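Since the structure is predicted, the reported quantities are computational estimates derived from the model, not experimental observations. Counting starts at 1 for both ligands and their atoms, following the listed order.
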Amino acid sequence: MQHCIAVANQKGGVGKTTTVVNLAASLAARGQRVLVVDLDPQGNTTTACGIDKHGLRLSVYHLLIGRATVAQVLHTAEKGGFAVLPANRHLAGAELELIEFEQRELRLRQALQSVAADYDFILLDCPPALNLLTLNGLTTAERVLIPMQCEYYALEGLTDLLNTLKKLRAALNPRIELLGLLRTLFDARSMLSKQVVAELQQHFPNQVLETAIPRNVRLAEAPSYGMPVLAYDKSARGSKAYLALADEILVYYGKAQAQV
Ligand SMILES: Nc1ncnc2c1ncn2[C@@H]1O[C@H](COP(=O)(O)OP(=O)(O)O)[C@@H](O)[C@H]1O
Ligand SMILES: [Mg+2]
């Protein structure tokens with residue numbers, strides 16, 4: 001699916017959800033029509049979008065098992081200016097229930113097909129595992145954005161994820177490519193951050209995105225108010241960083257000119 005980006009890393013706490021919510025808001029602020037899909041049973045993206053995950057009648061779970069349409073599940077992130085397909089803990093059950101379906105890795109792609117043309121970007125927030133939910137994300141998307149926390153062991157697991165992409169390319173999704181590695185929780189002054197970045201650039205030349213997301217307390221606070229950082233504090237460093245990431249991605253897709 002063109003313009004569909006899966007944000008994935010089987011590690012937890014590396015900034016996937018923060019990236020999905022704030023990149024969505026930043027792309028929306030640049031005039032793009034954006035849909036966010038929460039594929040994580042923790043439902044953190046759903047909450048960060050100001051949606052009560054416990055009160056959902058229908059969610060991505062129902063969409064995947066064929067008991068609801070996109071239109072029935074669709075919500076809006078009021079403070080973000082984008083659309084959301086929300087999730088909660090019921091989604092954890094989908095893994096087992098999907099086993100009885102043929103083409104169970106393609107459920108999301110099939111469900112989104114009819115609405116894909118309504119959006120300029122579709123962002124998928126994957127759970128912290130290489131499970132069937134993540135596979136559904138990776139068969140739907142054409143690009144994968146991998147947030148990397150700049151700490152020791154950052155590269156651990158990356159090889160597994162890249163091998164999964166290779167297998168998908170050979171079978172279910174020939175168009176899937178890496179969009180890039182995104183440095184998150186980044187501290188330009190720390191020796192450790194510098195070392196990890198040097199290592200990343202050595203192993204994955206030209207794959208590390210220019211924009212790095214700094215550690216910024218506003219980014220951690222905004223979700224508890226159910227809004228992206230851009231709505232919470234637009235002058236925060238986190239807001240500026242995610243706007244820069246949106247601009248870098250717009251250039252990547254040929255939708256904007258690079259700033260010189
Ligand atoms: N750049 C950042 N600065 C400060 N806190 C951050 C940043 N990115 C993420 N966090 C916080 O770190 C925690 C994990 O981030 P999250 O986006 O939920 O990771 P993941 O979805 O990969 O598990 C959350 O509490 C989040 O608010
Ligand atoms: Mg998350």
Q. What protein heavy atom is closest to atom 17 (O) of ligand 1, reported as residue, atom name and distance in Å?
A. T18 OG1, 2.5 Å

Q. Numbering the atoms of ligand 1 from 1, which are under 4.0 Å from a heavy atom of P214?
A. 1 (N), 2 (C), 3 (N)

Q. For the side chain of K16 and the backbone of K11, is there at least one donor-acceptor N/O pair under 3.5 Å apart?
A. yes

Q: Evaluate the 4.0 Å heavy atom contact test for atom 2 (C) of ligand 1: does a protein atom fall under the cut-off?
A: yes

Q) Do any non-hydrogen protein atoms sit less than 4.0 Å from atom 25 (O) of ligand 1? A) no

Q) Backbone or side chain, does any N or O of T17 fall under 3.5 Å from an N or O of ligand 1? A) yes

Q) Quick one: does atom 8 (N) of ligand 1 have a protein heavy atom under 4.0 Å from it? A) yes

Q: Check if G13 has a non-hydrogen atom at a distance under 4.0 Å from any atom of ligand 1.
A: yes

Q. Between T19 and ligand 1, is there a nitrogen or oxygen pair with a distance under 3.5 Å?
A. no

Q | Matching residue for T17 among D125, D40, D38 - test: side-chain hydrogen bond (donor to acceptor under 3.5 Å, both in side chains) | A | D125

Q.
Can you see whether E248 engages T211 through a side-chain donor-acceptor pair at a distance of less than 3.5 angstrom?
A. yes

Q) Nearest protein heavy-atom contact for atom 12 (O) of ligand 1: which residue, which atom, what distance? A) L185 CD2, 4.7 Å

Q: Step by step, work out the side-chain contact (heavy atoms from CB on, under 4.5 Å) result for I122 and H3.
A: CA-CA 6 Å; I122 301 179; H3 298 128; over 6 Å; no

Q: Would you confirm whether H203, through its side chain, and Q201, through its main-chain N or O, come within 3.5 Å as a donor-acceptor pair?
A: no

**Q.** Numbered atoms of ligand 1 (with element) below 4.0 Å of A220, judged on heavy atoms
**A.** 5 (N), 27 (O)

**Q.** Atom indices of ligand 1, in the order listed, that fall short of 4.0 Å to a heavy atom of G12
**A.** 23 (O)

Q: Pull out every atom of ligand 1 sitting under 4.0 Å from any heavy atom of I213, numbered as shown with elements.
A: 1 (N)

Q.
Rounded to the nearest 0.5 Å, what separates atom OG1 in T134 from atom CD in E95?
A. 8.5 Å

Q. Using the ring of each side chain (for Trp, its six-membered ring), is Y253 parallel, tilted or perpendicular to F121, with breaks at 30° and 60°?
A. perpendicular

(Q) Less than 4.5 Å apart, side chain to side chain, heavy atoms only: is that true for L108 and L124? (A) yes

Q) Taking both backbone and side-chain atoms of D125, is any N or O found less than 3.5 Å from an N or O belonging to ligand 1? A) no

Q. In Å and rounded to the nearest 0.5 Å, what is the CD1 to OG1 distance from I146 to T184?
A. 12.0 Å

Q. Can you list the atoms of ligand 1 that are under 4.0 Å from a heavy atom of N216?
A. 2 (C), 3 (N), 4 (C)

Q: Considering heavy atoms of the protein only, find what lies nearest to atom 19 (O) of ligand 1 and give residue, atom and distance to 0.1 Å.
A: G15 N, 3.0 Å

Q. Counting backbone and side chain alike, does T17 bring an N/O/S atom below 2.8 Å of the Mg ion (ligand 2)?
A. yes

Q. Would you say K11 and ligand 1 have an N/O pair spaced under 3.5 Å apart?
A. no

Q) Under 4.0 Å from any heavy atom of V14, which atoms of ligand 1 are there? A) 19 (O), 20 (P), 22 (O)

Q: Using a 4.5 Å cut-off on heavy atoms from C-beta on, say whether the side chain of F204 contacts that of L162.
A: yes

Q: Drop me the distance from R33's CZ to D118's CG, to the nearest 0.5 angstrom.
A: 7.0 Å

